[in-house]
Amino acid sequence: MWKKFQKLVKLNLDDLLLYIGVECGLFLLIQIIIGCVMHFARPDTSITVSCIIFPIVGGFTALVAGISHVGISFDQALRFGQTRKRALGLTLGLCAFESAFALALAGLLAAVERFLCPPLWAKLAGLNGWRFGIPMPVPEPDASVPTRNPLLMVETFALDWYWWLLIFALAVGGGVIVGAVIQRFGGKGGWIIWCICFGPMILMQIFPREIVSAAELVVPVLAVLFVGGFLWSIWSLLHAVVRS
């Protein structure tokens, strides 16, 4: 089983280039934008955004890849004589591996931005240095001569640790759920996914606000639906029909 998983990972190593291209390309674009703002606008404050943006971007990319793996890798494993149980285990392992890689890359980019980019931002802004913190107003002894903060104040925004675990679970579980729906229902599965995604929005417009505003019920309901959908997906894939 382990050797087959290693072989499956090697066959899908090109997928890692997708994560690197998407996340690193977006990181470079964001840093170019921030650098231009620092150079031309010369602000005395900035923010770090990678620790929020890139876990979400990586998780979404892993979700899309997971849908593809369930639709392609799982069916291929069945065609090559693998049992449904083993094919499902290999597919889940591949989805988990790639999701972990995407989040690890997001963490690396967040660390690069946090520790390597602020000195460059300060230099581009023409300031003497930088430090993390909330910008404080600088007293002006003469209103006609504004005094500029000599240090670039960098505000940090980050997701708590449990959000990273939640993104990982949503990437793996969501990919399996959507992939299983499409694998079982084909083109009709797209309409089912559409109803699942947009149905709650429609219901929020129909039901009274008193019911919709019960926010404390939203998270448990979504959690139950997600777990139920994941368990159904496992059952569906274990009873999947091999398409010719």
Side-chain angles (χ1 to χ4, degrees), residues 5 9 12-13 15-31 33-34 45-70 89-122 130-135 152-179 196-197 200 214-231 233-234:
F5 175 70
V9 170
N12 290 274
L13 283 179
D15 291 348
L16 303 185
L17 298 178
L18 171 65
Y19 299 105
I20 295 173
V22 170
E23 295 187 47
C24 292
L26 182 59
F27 178 83
L28 182 60
L29 176 62
I30 290 175
Q31 297 310 315
I33 294 174
I34 294 177
T45 61
S46 185
I47 59 174
T48 59
V49 296
S50 292
C51 205
I52 290 180
I53 292 178
F54 288 101
I56 297 174
V57 171
F60 181 78
T61 307
L63 170 66
V64 175
I67 297 172
S68 175
H69 289 319
V70 174
L90 292 172
T91 303
L92 285 173
L94 180 62
C95 292
F97 170 77
E98 293 192 358
S99 298
F101 177 84
L103 291 178
L105 180 59
L108 175 62
L109 293 175
V112 169
E113 184 188 59
R114 181 180 179 88
F115 296 108
L116 299 183
C117 291
L120 177 61
W121 297 344
W130 63 276
R131 71 181 180 89
F132 292 116
I134 301 175
L152 178 70
M153 303 298 297
V154 181
E155 296 183 72
T156 59
F157 294 91
L159 295 175
D160 292 326
W161 63 270
Y162 55 83
W163 283 104
W164 292 72
L165 297 179
L166 179 60
I167 291 173
F168 175 82
L170 291 176
V172 177
V176 172
I177 292 172
V178 176
I196 294 174
C197 294
E216 65 276 6
L217 298 178
V218 174
V219 174
V221 169
L222 291 178
V224 170
L225 290 176
F226 182 81
V227 173
F230 183 76
L231 294 177
S233 301
I234 298 299

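The chain is numbered in sequence order, starting from 1. Since the structure is predicted, the reported quantities are computational estimates derived from the model, not experimental observations.
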Pairs of donor and acceptor atoms involving the side chains of residues 159-170, under 3.5 Å and at least two apart or interchain, shall be tabulated with distances.
from: Asp160; atom 1: OD2; to: Tyr162; atom 2: OH; distance (Å): 3.2

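Atom CG of Leu26 and atom CD1 of Ile53 lie 6.5 Å apart (nearest 0.5 Å). A distance of 10.5 Å separates CD1 of Ile56 from SG of Cys51, quoted to the nearest 0.5 Å. To the nearest 0.5 Å, the span separating CG on Leu108 from CZ on Phe54 amounts to 11.0 Å. Note that the CZ atom of Phe230 and the CG atom of Leu92 stand 5.5 Å from one another [nearest 0.5 Å]. Between the CD1 atom in Ile47 and the CZ atom in Phe157 there is a gap of 5.5 Å [rounded to 0.5 Å]. Atom OG1 of Thr48 is separated from atom CD1 of Ile30 by 11.0 Å, given to the nearest 0.5 angstrom.
When side chains are defined from C-beta on, Gln31 counts as touching Cys117, because their heavy atoms get closer than 4.5 Å. Using a 4.5 Å heavy-atom cutoff, the side chains of Phe101 and Ile20 are in contact. When side chains are defined from C-beta on, Leu16 counts as touching Phe97, because their heavy atoms get closer than 4.5 Å. Contact check for Glu23 versus Leu109: side-chain heavy atoms found under the 4.5 Å cut-off.
Of all non-hydrogen atoms in Ala62 and Ala102, the two that sit nearest each other are CB-CB, 4.5 Å. Heavy atoms only, all atoms of each residue included: Thr45 and Leu152 are closest at N-CD1, 3.6 Å. Counting all heavy atoms, side chain and backbone alike, Pro119 lies closest to Trp130 at CG-NE1, 3.2 Å. Residues Ala65 and Glu98 approach most closely at CB-OE1, 3.8 Å, considering heavy atoms. Annotation for Val70 and Gly179: closest pair CG1-C, 3.5 Å, computed over non-hydrogen atoms. Residue Ala171 comes nearest to Ser99 through the heavy atom pair CB-OG, 3.7 Å, listed as atom of the first residue, atom of the second, then distance.
The closest donor-acceptor contact from the side chain of Glu113 to the backbone of Val49 lies under 3.5 Å.
Other residues, nucleotides and ligands place more than 12 heavy atoms under 6.0 Å from the CZ atom of Phe226.
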Please assess Val9 against Phe5 for the test side chain to side chain contact (heavy atoms under 4.5 Å, CB included), listing each intermediate value before the final yes or no. CA-CA 6 Å; Val9 170; Phe5 175 70; 3.6 Å; yes
